[in-house]
*Asks:* 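Submitted below is the structure of interest, expressed as structure tokens.
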Amino acid sequence: MSRLAQTHGLTDVQREILSTVRDFVDKEIIPVATELEHRDEYPQDIVDGLTELGLFGLMIPEEYGGLGESLLTYALCVEEIARGWMSVSGIINTHFIVAYMLKQHGTQEQKDHFLPRLAAGDIRGAFSMSEPALGSDVSAISSKAVRDGEEYVLNGQKMWLTNGGTSSLVAVLVKSDEGHPEGTAPHKSMTTFLVEKEPGFGEVRPGLTIPGKIDKMGYKGVDTTELIMDGLRIPANRVLGGVTGRGFYQMMDGVEVGRVNVAARGCGVAQRAFELGVRYAQQRHTFGKQIAQHQAIQFKLAEMATKVEAAHAMMVNAARKKDSGERNDLEAGMAKYLASEYCKEVVEDAFRIHGGYGFSKEYEIERLYREAPMLLIGEGTAEIQKMIIGRRLLEEYRFQG
């Protein structure tokens with residue numbers, strides 16, 4: 001275990017889980033990650049191994065077949081997995097958000113039906129908010145659901161769907177005007193639907209098409225897709241929570257814990273970049289000595305390690321705040337913002353330490369250099385995080401004049 005990014009106050013069970021995950025990452029992920037990433041190949045063997053470890057049910061209550069662990073335990077596991085290959089942590093994250101939303105907001109029938117299968121990994125989750133014409137402005141969603149007897153008919157196009165092809169359950173946010181008269185605030189007329197489908201591409205159920213994978217600069221292996229609904233019929237009992245108009249709040253709750261996940265991913269990638277940088281600095285020689293002995297490189301290593309430590313501490317704080325039952329949007333926003341920015345900077349410094357070799361696909365740092373930018377925009381851009389942070393600070397420090 002490295003000296004950096006230690007977490008104090010963990011139970012014996014938590015330490016055992018993290019040790020098991022770290023061993024799996026070192027033996028099963030790091031040796032194959034770069035090769036699979038270059039081929040943009042879905043890591044089926046790795047996913048199967050994580051399923052056997054129970055990672056897909058880590059936070060699902062024991063009564064539904066999960067391990068019933070905390071968000072902190074989950075975030076620390078994500079940190080370890082992202083250290084091996086960030087794409088794998090993305091596969092788990094979208095699954096986890098759907099399971100969390102079901103646990104927190106689902107009807108009893110929905111929990112009984114979905115959570116045991118999600119815990120076992122028999123079905124994989126994905127969630128969908130974004131659309132081609134909007135990014136962070138969730139209120140501009142144009143996809144719609146119209147009631148038709150005991151069903152709803154959904155139409156619209158969604159974008160940036162992680163696990164879009166491999167998933168079999170998608171939580172989809174759309175507008176639903178039923179019971180929400182014209183003039184209702186946009187966030188009060190949105191509903192989350194639980195959409196079951198067959199894994200794969202093309203028409204995966206009548207009225208629902210997953211066109212294919214989006215070709216990306218990084219974050220490869222995991223499938224990122226569009227989702228097209230054209231007369232998609234969904235039973236009324238697949239409205240998350242059984243009541244329309246609550247979708248925005250349900251999704252924001254899921255995204256809040258998702259931001260802790262993205263912070264954890266940033267921490268993991270930054271840790272790996274530091275490991276690669278400090279190792280290479282002791283292997284490479286210039287002017288008759290290790291480059292690690294040059295003051296300029298030592299300064300870089302000092303800055304990188306400090307950023308790894310600071311990001312980890314903020315991520316742990318955000319997870320613990322959520323686990324306590326308190327509102328954590330401020331802490332999650334800060335952790336996501338800082339960890340993703342620091343991750344980019346640590347990766348770039350490790351890239352610089354590698355010199356020309358960092359530009360070669362033969363070296364792992366090249367992959368990390370392409371992966372880090374996704375964290376700057378995933379689960380809300382830096383600008384969105386700063387808006388959230390600023391608004392919450394004004395709430396907390398309201399001037400009474």
*Asks:* Any side-chain donor-acceptor pair under 3.5 Å between W85 and E371?
*Replies:* yes

*Asks:* Would a 4.5 Å heavy-atom cut-off, applied to side chains only, mark D112 and E109 as touching?
*Replies:* no

*Asks:* Answer yes or no: is there an ion pair linking D26 with R83, defined by an N-O contact shorter than 4.0 Å?
*Replies:* yes

*Asks:* Which heavy atom of L301 sits nearest a heavy atom of A281, and at what distance?
*Replies:* CD1-CB, 4.5 Å

*Asks:* Between D148 and R233, is the salt bridge (Lys or Arg N to Asp or Glu O under 4.0 Å) condition met? List the steps.
*Replies:* CA-CA 9 Å; D148 183 17; R233 290 187 168 272; 2.9 Å; yes

*Asks:* Does the pair Q157 and E131 meet the rule for a side-chain hydrogen bond (donor to acceptor under 3.5 Å, both in side chains), with working shown?
*Replies:* CA-CA 6 Å; Q157 184 178 1; E131 296 182 0; over 6 Å; no

*Asks:* Roughly how far, to the nearest 0.5 Å, is SG of C343 from CG of L338?
*Replies:* 11.0 Å

*Asks:* For L376 versus S340, what's the shortest heavy-atom pair and its separation?
*Replies:* CD2-O, 3.5 Å

*Asks:* Check this for me: Q290, atom CD, are more than 12 non-hydrogen atoms of other residues, nucleotides or ligands nearer than 6.0 Å?
*Replies:* yes

*Asks:* Out of curiosity, L115 CG to E63 CD, how far, rounded to the nearest 0.5 Å?
*Replies:* 8.5 Å

*Asks:* Do E41 and K220 sit within salt-bridge range, that is, some charged N less than 4.0 Å from a carboxylate O?
*Replies:* no

*Asks:* Do D223 and K213 sit within salt-bridge range, that is, some charged N less than 4.0 Å from a carboxylate O?
*Replies:* no

*Asks:* Flag yes if more than 12 heavy atoms outside R39 fall under 6.0 Å of its CZ atom; otherwise flag no.
*Replies:* yes

*Asks:* Rounded to the nearest 0.5 Å, how far does OG1 of T162 lie from CG of N93?
*Replies:* 8.0 Å

*Asks:* What pair of heavy atoms forms the shortest contact from F193 to I234, and how long is it?
*Replies:* CD2-CG2, 3.9 Å

*Asks:* Looking only at side chains, do T73 and Q14 share a donor and an acceptor under 3.5 Å apart?
*Replies:* yes

*Asks:* Consider only side-chain N and O atoms of T7 and H312, and report whether a donor and an acceptor are under 3.5 Å apart.
*Replies:* yes

*Asks:* Looking at every non-hydrogen atom in both residues, tell me the closest pair between S143 and K158 and how far apart they are.
*Replies:* OG-CD, 3.5 Å

*Asks:* Can you establish whether the number of heavy atoms outside K27 located under 6.0 Å from its atom NZ is more than 12?
*Replies:* no

*Asks:* What do you reckon, is CD of E362 surrounded by more than 12 foreign heavy atoms closer than 6.0 Å?
*Replies:* no

*Asks:* Is R124 positioned over the aromatic face of F56, cation under 6.0 angstrom from the ring centre and no more than 45 degrees off axis?
*Replies:* yes

*Asks:* Salt bridge check: are E303 and K307 linked by an N-O gap of less than 4.0 Å?
*Replies:* no

*Asks:* Look up atom CD1 in I91 and atom OH in Y42, then write down how far apart they are to the nearest 0.5 Å.
*Replies:* 4.5 Å

*Asks:* Do K344 and E348 meet the salt-bridge criterion of a basic N to acidic O distance under 4.0 Å?
*Replies:* no

*Asks:* Any side-chain to backbone donor/acceptor pair from R391 onto L393? Under 3.5 Å, distance only.
*Replies:* no

*Asks:* Hey, is the main chain of R15 close enough, under 3.5 Å, to the side chain of S19 for a donor-acceptor pair?
*Replies:* no

*Asks:* Do S168 and K197 meet the criterion of a side-chain donor-acceptor pair at a distance under 3.5 Å?
*Replies:* no

*Asks:* Regarding D253 and R327, does a basic nitrogen lie under 4.0 Å from an acidic carboxylate oxygen?
*Replies:* no

*Asks:* Hey, are H294 and T286 close enough side-chain-wise for a donor-acceptor pair under 3.5 Å?
*Replies:* yes

*Asks:* Does a salt bridge link E383 with K386, judged by any charged N lying under 4.0 Å from a carboxylate O?
*Replies:* no

*Asks:* To check you understand the geometry: which heavy-atom pair defines the closest contact between P211 and I228, and what is its length?
*Replies:* CG-CD1, 3.8 Å

*Asks:* Look at R320 together with E331 and state whether they make a salt bridge at an N to O cut-off of under 4.0 Å.
*Replies:* no

*Asks:* Answer yes when R265 and E79 have at least one side-chain N-carboxylate O distance shorter than 4.0 Å, and no when they do not.
*Replies:* no

*Asks:* In Å, rounded to the nearest 0.5 Å, how long is the span from CG of L276 to OH of Y280?
*Replies:* 12.0 Å

*Asks:* Considering all heavy atoms of both residues, which atom of E379 and which atom of R259 are nearest to each other, and what is their separation?
*Replies:* O-NE, 2.8 Å

*Asks:* Give a yes-or-no answer on whether the side chains of N163 and H95 include a donor-acceptor pair shorter than 3.5 Å.
*Replies:* no

*Asks:* Report, as yes or no, whether the 6.0 Å neighbourhood of atom CD on E395 holds more than 12 heavy atoms from other residues, nucleotides or ligands.
*Replies:* yes

